[in-house]
Amino acid sequence: MLKQIKNSIDNTINQTYTVNPWTNVYGLSRTFLALSLLVNLIFTGHTYLFPTNNNIQLRQLIFDFEKVSIFSVLDKNIHLACIISIIILLMTITGYLPQITGILHWYITYSYMTSSILIEGGDQIAAILTLLLIPVTLTDNRINHWHKQRNSDRKKTKMLIWSIYFIITLQISIIYFHAAIAKLFSKEWLNGTATYYWFTHNIFGVSEYLKFLIQPFLSNSFIVVSLTWGTIIFEIILFGWLFMKRNLWNWKLLFLLGVLFHFSIAFIHGLISFMLTMIGALILYLIPKNKDLKLKIWKQ
């Protein structure tokens, strides 16, 4: 394992001076991270995201810097704060001026994470990733992150950005490692019944209109145990990407399986924004950052 980590670090060092780190891969990731919050702000009323009691906004008490949040600065006009946030997120998706929208995107995700009382793990992950991506956006000399980058000799800057990418890769791998290992301390996950309990949970379980599709599978113990332990094993495999030898087929296969994995979670539990965040994370984690994807979006 230590040898694999050393090889990964060596590969990163070898890339730092020659390979271009500013491609549309990180732009695609930023787009999914922005979409994850955008769907919340558009499709969930701000009275649910930022409820009030006697005209006083209910706040989280665990963050010391919550007062700098846009939703706290404009707590008397949350509607305006949401409109400003939506505009910034839409600007991020268009790809224009990443040097500016990179900071603003992080500020909006941080504001939402600290001010809304309806956050989940995906919101925290988005805030971390947008923060780590700020050096990438600040040093991107393109007017639009969808445009093809012209090669440059900024060797020290490239070394910095590839180091940031390595930190991001390490962070995402730890997310999947923690998700898998934490389940091993739960009796329901160990005995293989956790899937049944989560699927039938009165709040987070399957929607009423889907129960007729899912119920036959939940009555089969083999399927329930396979889904439960399959989840743990797949999260460990995703963590193991940190140590795998990279090639064309394995990142494509893992990415496809990862998207299907998070889509199934969204389908069963309704966590659409979480799915979008994790797809954004998987893009940064699995797809080679020096690869320009063939996307017909704002071609230069």
Side-chain angles (χ1 to χ4, degrees), residues 19-43 46 68-71 73-74 79-113 122-123 125-154 156-158 160-165 167-168 172 255 272-273 275-300:
V19 180
N20 171 42
W22 300 281
T23 64
N24 58 13
V25 171
Y26 101 89
L28 185 61
S29 174
R30 292 182 70 216
T31 297
F32 274 94
L33 293 174
L35 278 172
S36 68
L37 180 52
L38 188 64
V39 296
N40 273 345
L41 293 178
I42 291 178
F43 296 107
H46 61 77
V68 301
S69 160
I70 188 174
F71 303 107
V73 174
L74 298 175
H79 187 67
L80 176 61
C82 289
I83 291 175
I84 293 172
S85 299
I86 289 170
I87 292 172
I88 291 172
L89 294 171
L90 289 173
M91 287 174 58
T92 300
I93 292 170
T94 66
Y96 281 103
L97 300 176
Q99 306 83 358
I100 298 174
T101 59
I103 297 174
L104 294 177
H105 185 192
W106 166 76
Y107 174 63
I108 296 303
T109 57
Y110 171 81
S111 295
Y112 181 80
M113 182 193 72
D123 301 312
I125 293 169
I128 293 170
L129 293 181
T130 51
L131 175 63
L132 291 173
L133 283 173
I134 287 178
V136 186
T137 60
L138 286 176
T139 54
D140 191 345
N141 58 15
R142 298 172 296 175
I143 193 173
N144 190 306
H145 69 211
W146 298 115
H147 291 173
K148 189 175 180 61
Q149 169 78 315
R150 296 180 178 86
N151 200 17
S152 64
D153 292 328
R154 297 183 292 164
K156 291 183 179 180
T157 306
K158 286 181 179 179
L160 169 65
I161 301 309
W162 281 112
S163 299
I164 294 295
Y165 280 150
I167 293 172
I168 290 173
I172 298 171
F255 180 72
I272 305 297
S273 63
M275 175 191 70
L276 293 170
T277 295
M278 294 314 299
I279 290 176
L282 286 173
I283 291 169
L284 285 174
Y285 188 48
L286 297 174
I287 301 180
K289 265 72 73 180
N290 62 315
K291 181 180 179 63
D292 257 311
L293 300 174
K294 295 180 181 179
L295 303 172
K296 295 181 181 180
I297 305 175
W298 279 282
K299 275 196 169 183
Q300 192 176 22

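For clarity, every value in this text was computed on a predicted model and none was experimentally measured. Numbers here simply count residues along the sequence, with the first being 1. FYI, side chains are in, hydrogens and waters are out, and symmetry mates aren't considered; it's all heavy atoms of this structure.
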Considering all heavy atoms of both residues, which atom of [X] and which atom of [Y] are nearest to each other, and what is their separation?
X: Phe32; Y: Ile283; result: CD1-CD1, 3.6 Å
X: Phe71; Y: Ala81; result: CD2-CB, 3.7 Å
X: Leu41; Y: Ser85; result: CD1-CB, 3.7 Å
X: Ser273; Y: Val39; result: CB-CG2, 4.1 Å

Test log, rule side-chain contact (heavy atoms from CB on, under 4.5 Å), inputs Met91 and Leu97: CA-CA 8 Å; Met91 287 174 58; Leu97 300 176; 5.6 Å; no

Given 3.5 Å as the limit, does a donor-acceptor pair link the side chain of [X] with the main chain of [Y], or not?
X: Gln99; Y: Arg142; answer: yes
X: Ser111; Y: Ser69; answer: no
X: Thr23; Y: Asn290; answer: no
X: Trp146; Y: Thr94; answer: yes
X: Tyr107; Y: Val68; answer: yes

Applying ring pair (Phe, Tyr, Trp, His ring centres under 6.0 Å), can you list everything that pairs with Tyr165, at least two apart in sequence or on another chain? Trp162

I'd like to check the side chain to side chain contact (heavy atoms under 4.5 Å, CB included) partners of Ile164; sequence neighbours left out, ordered by chain and number. Pro135, Val136, Leu160, Ile168

Measuring from Thr139:OG1 to Ile161:CD1, what's the distance to the nearest 0.5 Å? 3.0 Å

Hey, mind stepping through His145 and Arg30 against side chain to side chain donor-acceptor pair (under 3.5 Å) and telling me if it holds? CA-CA 9 Å; His145 69 211; Arg30 292 182 70 216; 2.9 Å; yes

Would you call [X] and [Y] a side-chain contact if the rule is heavy atoms closer than 4.5 Å?
X: Tyr110; Y: Leu131; result: no
X: Leu33; Y: Thr92; result: no
X: Leu38; Y: Ile86; result: yes
X: Tyr26; Y: Pro98; result: yes
X: Asp123; Y: Asn40; result: yes
X: Ile103; Y: Leu138; result: yes

Do Leu35 and Ile279 pass the side-chain contact (heavy atoms from CB on, under 4.5 Å) test, and can you show the C-alpha distance, the side-chain angles, and the key distance before you say yes or no? CA-CA 11 Å; Leu35 278 172; Ile279 290 176; over 6 Å; no

If you look only at pairs with a residue in residues 126-138, which of them pass as a side chain to side chain donor-acceptor pair (under 3.5 Å), with sequence neighbours excluded? Thr109-Thr130

